[in-house]
Protein chains: 2
Amino acid sequence: MNEVVVLTPERILEVTEDVLRRFGLAKATVVDVARALDVSHGSVYRHFPSKASLREAVAKRWLARVSAPLDEISEDKGPAPARLERWLRTLCFAKQKKVSEDPEMFMTYMTLAREACSVVKAYKEGLVDQIAAIISDGVKEGAFDVADVKASARAIYEATIRYQHPAHADEWKDPDLAVRFDALLALLLRGLEARKR
Amino acid sequence: MNEVVVLTPERILEVTEDVLRRFGLAKATVVDVARALDVSHGSVYRHFPSKASLREAVAKRWLARVSAPLDEISEDKGPAPARLERWLRTLCFAKQKKVSEDPEMFMTYMTLAREACSVVKAYKEGLVDQIAAIISDGVKEGAFDVADVKASARAIYEATIRYQHPAHADEWKDPDLAVRFDALLALLLRGLEARKR
DNA sequence: TGACTGACAGATATTGAAATCTGTCAGCGC
DNA sequence: GCGCTGACAGATTTCAATATCTGTCAGTCA
């Protein structure tokens, strides 16, 4: 039996998520994490230079999990407009599902993300790049007509903020949410669309 | 001389804003407001049933001041697309100016507004109605082609959230803000635009 | 040697007693 | 009578003493 499990960053992150779930963001301490790992808290500092960096790593892992299904869609084949719509729906739906399934944990991750703003910035840039890739495909297909792919991608990203940014999570309970989101998507896709001539 | 000024709700609101400015949201008490008015705090309760309602009234006044210049634009004459663009620019610029000129007071009003959510809801609905009025004019002019005016108005409002919602105020420092906002506006107007046939 | 411990200093959080605030209302004075 | 006051109960906030946590590091043990 492999009774003594080695202390790895990955294992620390897993246990940290667990501690965050059980104690909540405000109460979870490095000492709690160390206790759950059955090591001294000094050992945790061997792998993460500070509590802030540990939290940042947790935020990064969470964001990566949220955006994982999007990578596939952006690299898929098929008509760009439908693909962009699917990508945006997947992103927003993933966030909305997370908040409805476990609001406390969502709030925890949201606060973590707010603290780790450099990580969030990189995450956002990654998302905009994926949108840009789909729009670029659409331009090649002749389905889209845009002056500046990157700028359009950013505009699309920003226009959907209300449906994916945690700051607006309390408005996602609206029963008309889906209808409103459909209207927004239709407007945005129409804005990218190449005009018949 | 009219030395004894009567105690009116309006005067209480003015002084309350002053107290909020000097003490900050967390420290400002009804007793402070009464002291500044040189009356007992019981007198304040004669005009506002609770501290919450006083704060709500302050929030309402502030929102009304922000949206005042918009009323004119929505009732103006002239081509709807330019008018819609001007309306959106005015709204977002007003918010961005407020936060840059007096960030503390902006944060105060933002928190007040978060508490007084029914007031904010009414304010938002008023804004969407103004957008709807402009879009409706645009449809009559033949400049816009939309299936559902109200739904489109909401979509336009929601798409610009990032540039007007206080939750995103810390991103308004971006030097490219104007360029990005231009790109978003162009995309949205293109989405409303009637196609040549 | 190198992963881990545990004691330590300074920073931060908790706690409970005291102070202040909110909201009410009987009564004062114009 | 009407507008205001000021004392009051209960809720909330403050403050300072106490406890806990963060981050470091000399030392242990395999």
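Within every chain, numbering begins at 1; the chains are lettered A, B, ... in the order of the sequence lines, protein sequences first and strands thereafter.
Taking atom NZ of residue B:K27 and atom P of nucleotide C:dA19, one finds them 17 Å apart after rounding to whole Å. Following rounding to the nearest Å, B:R55 (CZ) and C:dC21 (P) show an atom-to-atom distance of 14 Å. Rounded to an integer number of Å, the gap from A:K51 NZ to C:dA11 C1' is 12 Å. For B:R35 and D:dC4, the CZ to P distance is 19 Å, given to the nearest whole Å. The CZ atom of B:F23 sits 14 Å away from the C1' atom of C:dT20 (whole-angstrom rounding). Between A:L54 atom CG and D:dC21 atom C1' there is a gap of 14 Å when expressed in whole angstrom units. To the nearest angstrom, P of C:dA3 lies 16 Å from CZ of A:R11. Atom pair A:Y45:OH and C:dA9:C1' shows a separation of 14 Å (rounding to whole Å applied).
Look at B:R61 and B:E17 and you find a salt bridge, because one of the NZ, NE, NH1 or NH2 atoms lies within 4.0 Å of a carboxylate O, short of that distance.
Aromatic ring centroids of B:H165 and A:H165 lie 6.0 Å or more apart.
Between atom NE2 of residue A:H168 and atom CD1 of residue A:I161 there is a gap of 7.0 Å, rounded to the nearest 0.5 Å.
Taking every side-chain heavy atom of B:L7 into account, D:dC4 is the closest of D:dC4, C:dT22, D:dT22. Among C:dT5, D:dT14, D:dT5, the nucleotide with an atom closest to any side-chain atom of B:S40 is D:dT5. The side chain of A:V31 lies closest to D:dT22, out of C:dT22, D:dT22, C:dC4.
A donor-acceptor pair under 3.5 Å is absent between the side-chain atoms of A:R162 and the main chain of B:A159, judged by distance alone. B:T8 contributes a side-chain N or O that, together with a main-chain N or O of B:R11, makes up a donor-acceptor pair within less than 3.5 Å.
The residue B:S43 sits close to a base: some heavy atom pair falls under 4.0 Å.
Two residues, B:R46 and B:S50, neighbour DNA chain C, and the one matched to the more 5' nucleotide by heavy-atom proximity is B:S50.
A donor N or O paired with an acceptor N or O is found under 3.5 Å between the base of D:dG23 and the side-chain atoms of A:H41.
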